[in-house]
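Heads up, the thing below is written out as structure tokens.
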Protein chains: 2
Amino acid sequence: MSNVESLPLSVSGGEAAAAPCCPPLTERPYSAEEAETAARMFKALGDPVRLRLFSLVASHAGGEACVCDISDVGVSQPTVSHHLKKLREAGLLTSERRGTWVYYRVAPSVLAGMGRLLGPR
Amino acid sequence: MSNVESLPLSVSGGEAAAAPCCPPLTERPYSAEEAETAARMFKALGDPVRLRLFSLVASHAGGEACVCDISDVGVSQPTVSHHLKKLREAGLLTSERRGTWVYYRVAPSVLAGMGRLLGPR
DNA sequence: TAGCCATTTCGATGTTCGTCTATGTTGACG
DNA sequence: CGTCAACATAGACGAACATCGAAATGGCTA
């Protein structure tokens, strides 16, 4: 049942998926709101365990991975689940349940959006 | 109160060097060490105030800005100084004192390094 | 139906983080 | 000298976080 919980990347209002979350960091000073939004992503990736989980999903064959495939990061399994939830809430990962297992994949346009953050090409 | 100044990233007692770290997140799963290193950068940018400060420096004319130019982010002056120190320790900014003022600039190769993190451009 | 397995959620605990006020240091200028 | 301005440091306090074990949820299979 884990649906879309909250996507800070896309602003509320139903549409707005096309709105880039943030301009390049070097283009102009960030406003407080832009900083709040972008910092949420960076913060989610600012934990070693979460970064490993994200990398495990992002580099997994087929673009997706089930929890059982990526649970070996040195912390307990409930902790893994907790971190995956954080990544989901930050809009970086999406999850889908198929039978017994839950599969995670990188949310589309996340990598492109973050790339744009770091400069115009 | 624990030790604050223990950064395995920075070898000797100054500021951390810009990390030459880390392959693309999507290329292969991160090791624990890579994750530790890269997460330090993300973590440093994971606070709205720090992200605004970084953006203010990165977008400032001449590539550098003195503290007096970027202190208006809604928190007290010691807090600004504290966050700038964090960014310095993460290897994202460098500082130089010239007369009364202290100038900050983005550490070279930081943006390129982070861009490489997000995919093979 | 019962049992089992993968995953999530819950409650508790120790630690880290962001912010403040107060004070210290450094350089410019009279 | 003495004083002022810019910036850094120190200590304290409350909020947020990471982590764990235990219990609950959802879905297979017999």
Side-chain angles (χ1 to χ4, degrees), chain A residues 1-6 8 32 35-36 39-54 56-57 64-90 93-105, chain B residues 1-8 13-15 32 35-36 39-54 56-57 64-90 93-105:
Chain A
M1 188 84 69
S2 55
N3 235 6
V4 201
E5 301 208 3
S6 66
E36 198 82 35
R40 206 164 322 193
M41 287 192 319
F42 285 119
K43 190 174 187 176
L45 293 178
D47 180 89
V49 173
R50 281 198 295 269
L51 193 56
R52 289 188 71 186
L53 290 172
F54 184 85
L56 277 161
V57 172
E64 65 179 13
C66 94
V67 180
C68 58
D69 286 329
I70 60 178
S71 296
D72 193 21
V73 287
V75 295
S76 76
Q77 198 271 337
T79 301
V80 168
S81 186
H82 167 255
H83 284 306
L84 286 173
K85 182 180 181 181
K86 286 280 187 98
L87 289 168
R88 225 169 47 216
E89 289 174 350
L93 294 182
T94 64
S95 66
E96 178 195 358
R97 171 156 220 153
R98 288 206 296 274
T100 305
W101 295 278
V102 176
Y103 290 83
Y104 280 80
R105 55 173 59 235
Chain B
M1 246 173 298
S2 60
N3 187 2
V4 197
E5 208 75 42
S6 63
L7 284 180
E15 270 73 42
E36 197 83 35
R40 208 176 312 261
M41 289 192 316
F42 284 119
K43 189 175 188 177
L45 294 177
D47 179 87
V49 173
R50 281 198 294 270
L51 195 56
R52 290 187 71 187
L53 289 172
F54 184 85
L56 278 160
V57 171
E64 65 180 10
C66 97
V67 180
C68 59
D69 286 330
I70 61 178
S71 295
D72 193 21
V73 286
V75 294
S76 71
Q77 178 266 327
T79 301
V80 168
S81 189
H82 165 76
H83 283 307
L84 287 173
K85 182 180 181 180
K86 286 279 188 94
L87 290 168
R88 226 168 47 215
E89 289 174 351
L93 295 182
T94 63
S95 66
E96 178 196 356
R97 173 157 214 153
R98 288 206 297 273
T100 305
W101 296 277
V102 176
Y103 290 86
Y104 280 80
R105 54 172 62 236

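The chains referred to below are lettered A, B, ... by the order of the sequence lines, with proteins before strands, and numbering in each begins at 1. Note that the coordinates shown come from a computational prediction; the quantities given were computed from them, not determined experimentally.
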- Item | Nearest heavy-atom neighbours spanning Leu51(B) and Ala39(A) | CD2-N, 3.5 Å
- Using whole Å, report how far CD of Glu96(A) lies from P of dT7(C). 14 Å
- Taking all non-hydrogen atoms of both residues into account, name the closest pair between Val80(B) and Ser71(B) and its distance. CG2-O, 4.0 Å
- Message: Taking only side-chain N and O atoms of Arg88(B), does any of them lie within less than 4.0 angstrom of OP1 or OP2 on dA8(D)?
- Response: yes
- Donor-acceptor pair, Arg50(B) side chain versus Ala44(B) backbone, under 3.5 Å? yes
- Query: Whole-Å distance between dT8(C) P and Leu53(A) CG?
  - Reply: 11 Å
- Calculate the interatomic distance between Tyr103(B) atom OH and dG27(C) atom P; express it in whole Å. 15 Å
- Message: If the condition is side-chain contact (heavy atoms from CB on, under 4.5 Å), which residues does Arg105(A) pass it with, not counting sequence neighbours?
- Response: Glu64(A), Thr94(A)
- Query: For Val49(B) and His83(B), which heavy atoms make the closest approach, and how far apart are they?
  - Reply: CG1-CD2, 3.5 Å
- How close or far is atom C1' of dC7(D) from atom CG of Asp72(B), stated in whole angstroms? 16 Å
- Indicate yes or no: at least one non-hydrogen side-chain atom of Leu84(A) is less than 4.5 angstrom from one of Leu53(A). yes
When you compare the protein's N or O atoms with those of nucleotides 18-21 of chain C, which come within less than 3.5 Å of each other, and at what distance?
{"residue": "dG18(C)", "atom": "OP1", "partner": "Arg50(B)", "partner atom": "NH1", "Å": "3.4"}
{"residue": "dG18(C)", "atom": "OP1", "partner": "Arg50(B)", "partner atom": "NH2", "Å": "2.8"}
{"residue": "dG18(C)", "atom": "OP2", "partner": "Arg50(B)", "partner atom": "NH1", "Å": "3.2"}
{"residue": "dG18(C)", "atom": "OP2", "partner": "Lys86(B)", "partner atom": "NZ", "Å": "3.2"}
{"residue": "dT19(C)", "atom": "OP2", "partner": "His83(B)", "partner atom": "NE2", "Å": "2.4"}
{"residue": "dC20(C)", "atom": "OP2", "partner": "Ser76(B)", "partner atom": "N", "Å": "2.8"}
{"residue": "dC20(C)", "atom": "OP2", "partner": "Ser76(B)", "partner atom": "OG", "Å": "2.9"}
{"residue": "dC20(C)", "atom": "OP2", "partner": "Thr79(B)", "partner atom": "OG1", "Å": "2.9"}

- Task: Write down the distance between CG (Leu51(A)) and P (dA18(D)), rounded to a whole number of angstrom.
- Result: 13 Å
- Roughly how many Å is it from CD1 in Ile70(A) to P in dT8(C), rounded to a whole number? 9 Å
- Message: Quick check for you: to the nearest 0.5 Å, what is the distance between Gln77(A) atom CD and Asp72(A) atom CG?
- Response: 12.0 Å
- Task: Using atom types as modelled and distance alone, determine if a side-chain donor or acceptor of Arg97(A) lies under 3.5 Å from a backbone N or O of Gly99(A).
- Result: yes
- Locate the shortest heavy-atom distance separating Tyr104(B) from Val57(B); write the atom from each residue and the value. O-CG1, 3.5 Å
- Message: So Tyr104(B), base contact, sugar-phosphate only, or nothing? Heavy-atom distance under 4.0 Å.
- Response: sugar-phosphate
What nitrogen or oxygen pairs link the protein and nucleotides 4-6 of chain D at under 3.5 Å?
none

- Message: Expressed as a whole number of angstroms, how long is the span from Leu93(B):CG to dC7(D):C1'?
- Response: 15 Å
- Item | Rounded distance in Å - CG (Leu84(A)) to P (dT9(C)) | 11 Å
